[in-house]
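All values below were derived from every heavy atom in this structure, side-chain atoms included, with hydrogens, water molecules and symmetry-related copies excluded.
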Amino acid sequence: NINKIDKTKPSVTSITGNPTAWTNGNVTLTVNATDSQSGIASYSFDGGSTWQTSNQKTFSTNSTVNIQAKDGAGNVSASSSITVNKIDKTKPVIRNVTGVPTSTTREDVILTIDATDYQSGIASYSFDGGTTWQTSNRKTYSENQNNIVVKVKDGVGNIETYGTTINITQIDKTDPNQGQGNENTNPNQNQEQNNNGTNQDQNQEQNGNTNSNQNQEQENNNNTNQN
């Protein structure tokens, strides 16, 4: 009996491991193939250019993968194409940070981050070097602050740091009259004080005149008695 003839191609039944959500890790594809005669001998992940005995291959970048299986007799399966397109190892791009005043202001200062990410997208922003994160790209400052470090994080955790440390130094909310003495005294109070001083002078003058009259009267009495 002749039972070793194998002219049947293997069949690729499934390919697993291709993510449907974004990842910043590598992707490992696994090929499941069957051959009921001579059996699976090797696999190709580049359209037949190279072959390997393992049915797994790891990819670190996005790419289109053409997978085939070869059996023990050299029969090659049809090519199965799969696209790996959810790997994101690229940091976001911070284009600018606006809102830093260049002249003195009495208002709050609002910093705004302009950033982009063309893969998993921007997820959050930090205005304190990554200590805390927020979904808004804006932050309000009511007082001056130095050494503000801006960071942006994408959907898979890639982080970019803005190249310039930001200093807010132009906020001035100090009242210009604060700290001055009570120079603007109530004018009525000043008038009253002036009137009191005038009255005191008048009373002193009247007392002086009275004493002079009494002394003159005493002198006249003395002259009368002597006579």
Trainee: Starting from V150, can I reach Y141 by hopping between I/L/V/M/F/W/Y residues whose side chains sit under 4.5 Å apart?
Mentor: yes
Trainee: Looking at residues at least two apart in the chain, or sitting in another chain, which of them share a side chain to side chain donor-acceptor pair (under 3.5 Å) with N32?
Mentor: S14
Trainee: To check you understand the geometry: which heavy-atom pair defines the closest contact between T8 and D35, and what is its length?
Mentor: O-OD2, 3.5 Å
Trainee: Using distance alone, with no hydrogens and no angle criterion, decide if T58 and T28 have a side-chain donor and acceptor under 3.5 Å apart.
Mentor: yes
Trainee: Considering all heavy atoms of both residues, which atom of T131 and which atom of D128 are nearest to each other, and what is their separation?
Mentor: N-OD1, 3.1 Å
Trainee: Between R106 and D175, is there a side-chain N and carboxylate O pair less than 4.0 Å apart?
Mentor: no
Trainee: Looking at D88 and T90, would you say the former's side chain and the latter's main chain have a donor-acceptor pair under 3.5 Å?
Mentor: yes
Trainee: Which pair of non-hydrogen atoms, one from I87 and one from Q119, has the smallest distance, and what is that distance?
Mentor: O-NE2, 3.7 Å
Trainee: Taking C-beta and beyond as the side chain, do I148 and T165 meet within less than 4.5 Å on heavy atoms?
Mentor: no
Trainee: Report the residues that fulfil side chain to side chain donor-acceptor pair (under 3.5 Å) with K153, sequence neighbours left out, ordered by chain and then residue number.
Mentor: none
Trainee: Using a 3.5 Å distance criterion without hydrogens, assess whether the side chain of N167 forms a donor-acceptor pair with backbone atoms of Q145.
Mentor: no
Trainee: Yes or no on salt bridge (Lys or Arg N to Asp or Glu O under 4.0 Å) for D108 and K173, after CA distance, side-chain angles and deciding distance?
Mentor: CA-CA 9 Å; D108 291 346; K173 297 186 177 183; 2.4 Å; yes
Trainee: Minimum heavy-atom separation for V156 to S120, with atom names?
Mentor: N-OG, 3.6 Å
Trainee: Throw together a table of side-chain donor-acceptor distances under 3.5 angstrom for residues 77-85, partners on residues two or more places apart or in other chains.
Mentor:
{"residue": "S77", "atom": "OG", "partner": "A69", "partner atom": "N", "Å": "2.8"}
{"residue": "S77", "atom": "OG", "partner": "A69", "partner atom": "O", "Å": "3.4"}
{"residue": "S81", "atom": "OG", "partner": "N66", "partner atom": "OD1", "Å": "3.4"}

Trainee: For S63 and V65, indicate whether the former's side chain and the latter's backbone hold a donor-acceptor pair under 3.5 Å.
Mentor: no
Trainee: Using the side-chain hydrogen bond (donor to acceptor under 3.5 Å, both in side chains) rule, pick out the option among T23, T61, N62, N26 that qualifies with K89.
Mentor: N26
Trainee: What about W133 and I122, same hydrophobic cluster or not, with Ile/Leu/Val/Met/Phe/Trp/Tyr joined at side-chain heavy-atom distances under 4.5 Å?
Mentor: no
Trainee: Please name all residues satisfying side chain to side chain donor-acceptor pair (under 3.5 Å) with Q52, sequence neighbours left out, ordered by chain then number.
Mentor: none
Trainee: Are V149 and V109 linked, directly or through intermediate hydrophobic residues, by side-chain heavy-atom contacts shorter than 4.5 Å (ILVMFWY only)?
Mentor: no
Trainee: State, to 0.1 Å, how close V27 and N18 come at their nearest heavy-atom pair, and which atoms those are.
Mentor: CG1-CA, 4.4 Å
Trainee: Please examine the side chains of T116 and P92, heavy atoms only from C-beta on, and report whether any two atoms are closer than 4.5 Å.
Mentor: no
Trainee: Under a single-linkage definition using a 4.5 Å side-chain heavy-atom cutoff for Ile, Leu, Val, Met, Phe, Trp and Tyr, are I168 and Y125 assigned to the same hydrophobic cluster?
Mentor: yes
Trainee: Run the side chain to side chain contact (heavy atoms under 4.5 Å, CB included) test against T164 and tell me which residues pass, sequence neighbours left out.
Mentor: Y162
Trainee: So for atom NZ, which belongs to K86, do other residues, nucleotides or ligands contribute more than 12 heavy atoms lying within a distance under 6.0 Å?
Mentor: yes
Trainee: Can you tell me if K151 and T161 form a side-chain donor-acceptor pair at under 3.5 Å?
Mentor: yes
Trainee: Are any non-hydrogen side-chain atoms of D114 and I94 less than 4.5 angstrom apart?
Mentor: no
Trainee: Name all residues meeting the salt bridge (Lys or Arg N to Asp or Glu O under 4.0 Å) criterion together with R138; count only those two or more places apart in sequence or in a different chain, and write none if there are none.
Mentor: none
Trainee: Between N137, I166, I113, which is the residue that forms a side-chain contact (heavy atoms from CB on, under 4.5 Å) with F127?
Mentor: I113
Trainee: Give a yes or no on whether the backbone of T132 and the side-chain of S126 come within a donor-acceptor separation of less than 3.5 Å.
Mentor: yes
